[in-house]
Number of protein chains: 2
Amino acid sequence: MTQEFRGRASSTRVAQAEHGVAIARSGQIAELVALEQLGMRRSFTRDEEIYAEGDASDCWFKVVSGTVRICKLMADGRRHIAAFHFSGDYFGLDIGTARSFSAEAVGDAVVMLMPRRATQRLIDTTPELACQLRDLVMRDFAHAQSRMLLLGRMTAPERVARFLVEVAERRDSWRTLDLPMSRADIADYLGLTIETVCRVLSAFKRAGVIVIPSPHRIELRDRDMLSELCEA
Amino acid sequence: MTQEFRGRASSTRVAQAEHGVAIARSGQIAELVALEQLGMRRSFTRDEEIYAEGDASDCWFKVVSGTVRICKLMADGRRHIAAFHFSGDYFGLDIGTARSFSAEAVGDAVVMLMPRRATQRLIDTTPELACQLRDLVMRDFAHAQSRMLLLGRMTAPERVARFLVEVAERRDSWRTLDLPMSRADIADYLGLTIETVCRVLSAFKRAGVIVIPSPHRIELRDRDMLSELCEA
DNA sequence: CGCCAGTTTGACCAAGATCAACGCAAGTGG
DNA sequence: CCACTTGCGTTGATCTTGGTCAAACTGGCG
């Protein structure tokens with residue numbers, strides 16, 4: 001029964017450094033500080049839209065506080081969440097004229113927004129900045145690649161385990177984890193349904209891998225088991 | 001029966017410009033020409049490895065002829081193909097020290113390879129080049145995002161339809177389509193099994209949407225039906 | 001207290017995976 | 001030139017994972 005959530009993956013394996021951290025904690029980079037001086041703050045309330053699919057992509061963003069989800073609604077209502085962005089992450093660094101996804105505040109959130117025109121000028125005069133932006137995008141790209149593997153080839157327990165580990169790593173909180181997003185958000189992020197997410201979490205709980213004091217708070221009790229589950 | 005492969009998607013909808021074209025046909029851009037003067041050619045035979053997971057990522061690549069797949073093998077043998085790159089596409093523009101995916105020749109292929117050290121020097125002196133590289137990566141990123149939607153939320157028929165449309169667009173051949181890759185490659189790219197890919201293709205054939213003169217050659221007879229199937 | 005939104009659990013269902021033949025064309029060696 | 005092999009591709013039968021539908025539970029909050 002302890003094994004009930006074991007997927008197809010067979011064995012223990014060493015963790016791999018390439019974890020899916022997007023562009024978190026990048027505020028330290030010197031050139032980006034200049035970029036942020038162009039920014040202005042805006043607050044959003046729970047579920048408020050920061051930008052919509054189809055909007056002109058004339059701004060770049062950074063999460064100041066709260067959590068942002070990048071998502072897309074299909075014609076028939078199926079929803080997909082491409083990414084969550086936590087405090088410190090940049091997002092919305094699209095090229096092209098129009099957004100192909102929308103961005104929404106998961107709970108109340110504050111974001112800094114940088115007009116593209118001005119940032120572009122800054123980039124043109126600061127080659128290092130261009131490189132660093134490329135690196136930010138590449139980190140996002142690497143994250144997207146590992147998410148493709150997850151969505152294409154991993155089982156439900158593997159996806160959920162990976163989600164927990166990803167959030168723990170990005171927020172640097174291993175003991176107890178607070179999840180700002182709903183079960184529906186998690187499901188749409190992992191390509192599962194709400195019910196499956198719940199069931200897998202319950203299975204983890206039964207196995208003693210996690211404790212769930214409240215829906216938005218999860219304690220990780222057996223980190224090794226989780227890591228093992230979510231390794232390629 | 002004609003409707004047998006209709007997924008959950010409900011209705012006709014206008015095609016969206018944001019198709020998943022990676023970084024094809026970018027050789028025209030002036031700054032990139034300079035980059036390519038640093039390159040040297042290498043040939044690979046069918047299934048030969050161009051670089052392996054874990055290799056130092058000290059080169060960037062461009063497909064000269066043939067097709068390249070970017071893939072990852074999981075511990076228990078599950079395989080995932082992150083991307084196909086056709087003639088003219090750049091690939092392997094990773095940052096970080098080690099490759100997190102491997103690259104292999106689908107059939108016989110010729111690629112140009114550009115040492116990173118030298119390209120870096122060129123970038124440092126040519127700010128436009130840095131921007132253009134960022135754009136290349138962003139295009140790949142956008143492609144990865146739409147693939148996440150596919151892998152996370154689309155049905156088997158939708159995935160296969162989308163694959164056919166994607167290949168048709170990237171190779172600019174709408175009437176008849178030649179697929180350099182095997183059914184196994186297609187399956188691992190779409191997050192399906194070989195059998196499912198075959199069955200869906202057969203269903204399309206029965207419905208008169210496509211004709212399959214030979215396994216690696218497919219004629220598109222009802223492009224609208226395909227487009228309709230693969231729209232978000 | 002009752003309502004409401006979000007979560008959890010259970011019973012059942014279906015899309016797609018798995019397992020197993022079979023087909024078919026391109027080598028290969030006698 | 002023709003058996004025989006080999007590697008894909010296709011098809012069918014059956015099984016499993018995760019989805020769907022429905023009901024119960026939980027913690028705020030007016």
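Note on naming: letters A, B, ... go to the chains in the order of the sequence lines (proteins, then strands), and numbering restarts at 1 for each one.
In this structure, A/F61 and A/Y51 have tilted ring planes: the angle between them lies in the 30° to 60° band. Relative orientation of the B/Y189 and B/F163 rings is perpendicular, given thresholds of 30° and 60° on the angle between their planes.
B/I194 places its CD1 atom 14 Å from the P atom of D/dT11, with the value rounded to the nearest Å. Between the CG atom of B/D185 and the P atom of D/dG7 there is a distance of 16 Å, rounded to whole Å. Distance CD (B/E158) to P (C/dG16): 9 Å, rounded to an integer number of Å. Regarding A/M154, its CE atom lies at a distance of 17 Å from the P atom of C/dA17, rounded to whole Å. Distance A/L179 CG to C/dG6 C1': 14 Å, rounded to the nearest Å. One interatomic measurement links the two molecules: CG of B/L151 to C1' of D/dG18, which rounds to 17 Å at whole-angstrom precision. Atom CD1 in A/I186 sits about 14 Å away from atom P in C/dG6, given to the nearest Å. Computed from coordinates, the A/L192 CG to D/dT16 C1' distance equals 15 Å when rounded to whole Å.
Electrostatic pairing of B/E219 and B/R221 counts as a salt bridge here, judged by a charged N lying under 4.0 Å from a carboxylate O. The pair B/K62-B/D89 fails the salt-bridge criterion, with no side-chain N (NZ, NE, NH1 or NH2) lying under 4.0 Å from an Asp/Glu carboxylate O. Using a cut-off of 4.0 Å between Lys/Arg side-chain N and Asp/Glu carboxylate O, A/R69 and A/D188 are scored as not salt-bridged.
The side chain of A/R206 contributes no N or O atom lying less than 4.0 Å from OP1 or OP2 of C/dT9. OP1 or OP2 of C/dT8 has not a single side-chain nitrogen or oxygen of A/S202 nearer than 4.0 Å. Residue B/T193 has no polar side-chain atom (N or O) positioned under 4.0 Å from OP1 or OP2 of C/dG16.
Where A/V197 and B/R46 each meet DNA chain D at their nearest nucleotide, the meeting point lying more 5' is that of B/R46.
Nucleic acid contact for B/S182: sugar-phosphate only, since backbone atoms but no base atoms lie under 4.0 Å from a heavy atom of the residue. At the heavy-atom level, A/L201 lies nowhere under 4.0 Å from the strands shown.
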Indicate for each nucleotide in nucleotides 19-26 of chain C, in 5' to 3' sequence, whether protein heavy atoms under 4.0 Å reach the base (B), only the sugar-phosphate (S), or nothing (-). B-------
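To the nearest 0.5 Å, the span separating CZ on B/R78 from CE on A/M154 amounts to 6.5 Å.
Non-hydrogen atoms lying under 4.0 Å from DNA chain C are contributed by A/P215, A/H216, all within residues 211-222 of chain A.
Between A/L226 and A/F204, some side-chain heavy-atom pair lies under the 4.5 Å cut-off.
In this structure, A/R99 contributes its side chain and A/G92 its backbone to a donor-acceptor pair below 3.5 Å.
Taking the ring axis of B/F86 as reference, the NZ or CZ atom of B/R171 stays within 45° of it and closer than 6.0 Å to the ring centre.
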